[in-house]
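Here is the structure we will look at, set down as structure tokens.
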Amino acid sequence: MPELAEVEIARRALATWLVGQGAVRLTLRDPRLLKSGELGPPSPVASVRRRAKILVLERPGHSWIVHLRMTGRFSRHDGPGVRAVLSPQDGEPVYFADTRCLGELHGVHTRDQPAWFAARKLGPEPWPEQRPASWWQDQLGGLRTPVKVALLRQDRVAGLGNIAASEILWRAQVSPTRPARELDPQAWSRIGRETIAHLDHLLAVEDVEIAYVTQGGENPFLVYGRAGEPCPRCGAGIARTVQSGRSTFACPACQDR
DNA sequence: ATTCGTGTTTCAAA
DNA sequence: GTTTGAAACACGAA
């Protein structure tokens with residue numbers, strides 16, 4: 001379940017598994033995974049970077065760029081749904097599984113990387129550095145759209161997904177239906193603070209137990225997926241609504257400050 | 001047996 | 001600009 005925190009966890013895992021393990025060979029089991037460019041010959045992975053939810057396996061001269069999309073994940077175990085295998089010369093293989101097959105791999109030459117990212121038009125990162133109210137106001141404050149939908153605009157703020165939007169707004173006590181341009185600086189300030197709190201929390205929790213749907217563990221979220229359950233803050237029932245076709249979870253009683 | 005819904009993101013269309 | 005819906009794809013649940 002690729003939320004930003006999961007992508008960051010994947011980044012750290014890949015760095016451990018691949019960097020300093022000699023030349024890495026990437027083998028495709030599903031050729032459709034490669035959306036553009038070429039695989040390139042085996043070579044060492046120098047570092048693993050993250051930009052929004054995009055992972056970059058940096059290699060001298062040519063990098064692998066991966067987007068997990070809905071169901072992509074890396075693991076050390078082979079199994080059903082594996083679409084690619086990364087084999088380090090001096091280490092154990094790493095498997096890329098992706099049941100829904102929406103994940104993407106791009107082979108990009110180093111000189112083309114700036115243009116590749118420029119074409120995505122990604123906005124700045126809201127994490128791990130905490131952004132002040134003025135920053136949020138500048139990025140999203142002009143939008144007429146509901147703030148929950150605004151938070152998903154990757155060209156304004158990059159990396160927040162559907163779950164994060166509900167969680168952050170609940171934490172910040174901002175109603176998801178409020179037009180973004182109506183929020184005052186205090187609300188933006190809380191959003192900035194709670195973005196950090198949400199992601200740091202998730203990172204800490206999921207270092208222990210990963211993924212709740214895929215793994216069948218506990219739902220690690222405060223309101224997401226908890227329609228009808230009591231609000232952790234005031235006890236009222238959490239409501240599920242739909243905004244531009246996507247689930248929103250919020251407390252109808254205590255979330256409009 | 002179909003249909004629906006699912007965490008992502010972009011794109012076209014109204 | 002805004003807002004919605006569809007699309008990419010596979011699969012489990014209703």
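Heavy-atom basis, side chains included; hydrogens, waters and symmetry copies ignored. All chains are named by letter (A, B, ...) in the order of the sequence lines, taking the proteins before the strands, and each is independently numbered beginning at 1. Note that this is a predicted model, so its numbers are computed, not measured.
- Judged by Watson-Crick or G-U wobble contacts below 3.5 Å, the nucleotide dA6(C) has dT10(B) as its partner.
- Annotation: dT3(C) and dG7(B) have their C1' atoms spaced 22 Å apart (nearest Å).
- Taking both residues in full, the closest heavy atoms of Arg240(A) and Ser247(A) are given as NH2-OG, 2.9 Å, listed atom of the first, atom of the second, then distance.
- Comparing Gln243(A) and Arg156(A) against DNA chain C, the residue whose closest nucleotide sits nearer the 5' end is Arg156(A).
- When each of dG7(B), dT2(C), dA10(C) is scored by its nearest atom to the side-chain atoms of Cys101(A), the top-ranked nucleotide is dA10(C).
- If you measure from atom CG of Leu55(A) to atom P of dT9(B), you get 12 Å, rounded to the nearest angstrom.
- Rounded to a whole Å, the CG atom of Leu33(A) is 13 Å from the C1' atom of dA8(C).
- Listed pair Thr145(A) / dG1(C) fails the phosphate criterion, with no side-chain N or O lying under 4.0 Å from OP1 or OP2.
- Between the CG atom of Leu152(A) and the P atom of dC11(B) there is a distance of 16 Å, rounded to whole Å.
- Of all nucleotides listed (dT3(C), dT2(C), dT6(B)), dT3(C) comes nearest to the side chain of Pro146(A).
- Remark: the Arg144(A) side chain and the dT3(C) base include no donor-acceptor N/O pair separated by less than 3.5 Å.
- Residue His67(A) places its side chain closer to dT9(B) than to any other of dC9(C), dG7(B), dT9(B).
- Among the nucleotides dT2(C), dT9(B), dA8(C), the one closest to any side-chain atom of Leu102(A) is dA8(C).
- Across all strands shown, Leu68(A) has no heavy atoms under 4.0 Å from either base or sugar-phosphate atoms.
- Here the side chain of Gln154(A) is nearest to one of dC9(C), dG7(B), dT10(B), namely dT10(B).
- Looking at heavy-atom distances under 4.0 Å, Arg240(A) makes contact with sugar-phosphate atoms alone, never a base.
- In this structure, Arg32(A) atom CZ and dC9(C) atom C1' are separated by 7 Å, rounded to whole Å.
- No side-chain N or O of Ser47(A) forms a donor-acceptor pair with one of Glu58(A) less than 3.5 Å apart.
- Using a 30° and 60° split on the angle between ring planes, Phe96(A) and Phe74(A) fall in the tilted class, from 30° to 60°.
- Spacing between atom CZ of Arg246(A) and atom P of dG7(B) amounts to 7 Å, rounded to whole angstrom units.
- The shortest heavy-atom contact between Arg59(A) and Leu39(A) is NH2-O, 3.4 Å.
- In this entry the distance linking CZ of Phe117(A) with P of dT9(B) reads 13 Å, nearest Å.
- The nearest whole Å value for the distance from the CZ atom in Arg73(A) to the C1' atom in dG7(B) is 14 Å.
- For Arg69(A) and dA8(C), the CZ to P distance is 13 Å, given to the nearest whole Å.
- Within the 4.5 Å cutoff, the side chain of Val82(A) has heavy atoms near those of the Arg29(A) side chain.
- Residue Gly245(A) is out of contact with every strand shown, counting any heavy-atom pair closer than 4.0 Å.
- Taking the six-membered ring for Trp and the full ring otherwise, His106(A) and Trp64(A) have centroids separated by 6.0 Å or more.
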